[in-house]
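Notes follow the structure.
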Amino acid sequence: MLNIVLFGPPGAGKGTQSEKIIAKYNLTHLSTGDLFRKHLGEGTELGKLARKYMDEGKLVPDEVVIDMVDDKIANTPETNGFIFDGFPRTVAQAEALDKLMQRKGTQIAGMIALDVAEEVLKERIRERGKTSGRVDDQDEAKIETRIKVYLDETLPVADYYDKQGKLTKINGVGSIDGIFQEISNVIDSY
């Protein structure tokens, strides 16, 4: 199984590139945002548990998130692998993901990190906000906060995979197809 973590700050182009990766390598997209919406919408036991924490104003614990990931993997047996998008967000989640993958007899092949300068990110997010209707992409303070949270809380996940020799940084500025070719070269080397 080919399992890849696609990584980068908001506005780096993860969504655009993940679509191309999924199409070329026939991978299953695994986004925790999608998983939350599914479990909450269907009222599953995991969704009810997540809702309980959310209603209390608390973060959903990593164990619940990992259980949702486990459920997705277990219910997608006919796949070439997974592209993890927006997950893991913390080192604790990365460690838990590694343990889960090991139990499944597989592992994360690598992390591909899209590297984009902060000013470029802000401009991309503002532009996306004009066309996407996403309110958080139109508010300068929210854009700043999202990038700060990424730098403070999520960036250490890259160090975690780097220590395993699984991190590859790709320049996320350039043509979509040019960036995708660089990503493909990395994936083909796994």
Side-chain angles (χ1 to χ4, degrees), residues 1-36 62-63 65-118 120-121 124-125 146-147 149-190:
M1 237 201 255
L2 178 62
N3 301 302
I4 300 165
V5 176
L6 187 60
F7 194 73
K14 295 182 301 294
T16 300
Q17 293 299 332
S18 68
E19 287 177 15
K20 294 176 82 61
I21 294 166
I22 290 163
K24 180 174 181 177
Y25 296 96
N26 195 27
L27 300 179
T28 299
H29 187 249
L30 202 152
S31 154
T32 51
D34 292 346
L35 293 179
F36 270 90
D62 288 346
E63 299 81 40
V65 178
I66 286 292
D67 285 347
M68 287 182 181
V69 171
D70 188 5
D71 178 72
K72 174 70 174 181
I73 292 170
N75 288 302
T76 316
E78 301 297 319
T79 186
N80 289 334
F82 293 89
I83 184 161
F84 293 88
D85 178 5
F87 181 83
R89 290 183 188 261
T90 65
V91 172
Q93 288 179 352
E95 291 168 345
L97 178 61
D98 277 353
K99 288 177 186 164
L100 171 63
M101 299 309 275
Q102 189 175 21
R103 286 195 312 270
K104 302 281 184 192
T106 188
Q107 65 177 342
I108 297 298
M111 170 186 271
I112 299 171
L114 297 174
D115 198 20
V116 180
E118 195 170 322
V120 175
L121 293 173
R124 284 183 179 179
I125 293 169
R146 288 168 60 205
I147 292 172
V149 167
Y150 169 81
L151 293 171
D152 294 347
E153 298 175 22
T154 309
L155 195 55
V157 176
D159 293 333
Y160 173 81
Y161 285 106
D162 192 26
K163 288 176 184 164
Q164 295 181 20
K166 294 183 176 181
L167 172 67
T168 303
K169 292 182 180 179
I170 301 283
N171 182 353
V173 179
S175 74
I176 290 171
D177 289 336
I179 295 165
F180 179 65
Q181 184 58 56
E182 287 188 52
I183 292 170
S184 295
N185 293 343
V186 172
I187 294 172
D188 292 343
S189 75
Y190 292 149

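Note that the structure is a prediction, hence the values are computed from the model and not measured.
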[X] to [Y] - nearest heavy-atom pair and separation:
X: V91; Y: P156; value: CG2-O, 3.7 Å
X: L97; Y: I66; value: N-CD1, 3.8 Å
X: D62; Y: A92; value: OD2-CB, 3.6 Å
X: D85; Y: S18; value: OD2-OG, 4.0 Å
X: A94; Y: P88; value: N-CB, 3.5 Å

So, the side chain of [X] versus the backbone of [Y]: is there a donor-acceptor pair under 3.5 Å, distance only?
X: K166; Y: I108; answer: yes
X: N75; Y: D71; answer: yes
X: R124; Y: G11; answer: yes
X: K104; Y: I73; answer: no
X: Q17; Y: A12; answer: no

Report task. Evaluate whether atom CG of L155 has more than 12 neighbouring non-hydrogen atoms of other residues, nucleotides or ligands under 6.0 angstrom away. Result -> yes
Requested in this report: Please check if atom NZ in K99 has more than 12 non-hydrogen atoms from other residues, nucleotides or ligands closer than 6.0 Å.
Outcome: no
Query raised in the report: Which is it for L2 and T106 under the side-chain contact (heavy atoms from CB on, under 4.5 Å) test, yes or no, and what are the steps along the way?
Result: CA-CA 9 Å; L2 178 62; T106 188; over 6 Å; no
Query raised in the report: Say you draw a straight line from NZ of K24 to CD1 of I187; how long is it, rounded to the nearest 0.5 Å?
Result: 7.5 Å
Report task. Output the distance between atom CE (M68) and atom CG (D70), rounded to the nearest 0.5 Å. Result ->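 Here the interatomic distance stands at 12.0 Å.
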Requested in this report: Using ring pair (Phe, Tyr, Trp, His ring centres under 6.0 Å) as the criterion, point out the one residue from Y161, Y150, F87 that pairs with F7.
Outcome: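 Going through the options one by one, the only one that passes is Y150.
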Query raised in the report: Does a donor on one side chain sit under 3.5 Å from an acceptor on the other, for D98 and Q102?
Result: no
Query - Derivation of the side chain to side chain donor-acceptor pair (under 3.5 Å) call for N185 and Q181 - result: CA-CA 6 Å; N185 293 343; Q181 184 58 56; 2.9 Å; yes
Tabulate below the donor-acceptor pairs under 3.5 Å that side-chain atoms of residues 76-84 make, not counting sequence neighbours, or state none.
from, atom 1, to, atom 2, distance (Å)
T76, OG1, K72, O, 2.6
T79, OG1, T28, OG1, 2.7
T79, OG1, G81, N, 3.2
T79, OG1, G81, O, 2.8
N80, ND2, Y25, O, 3.4

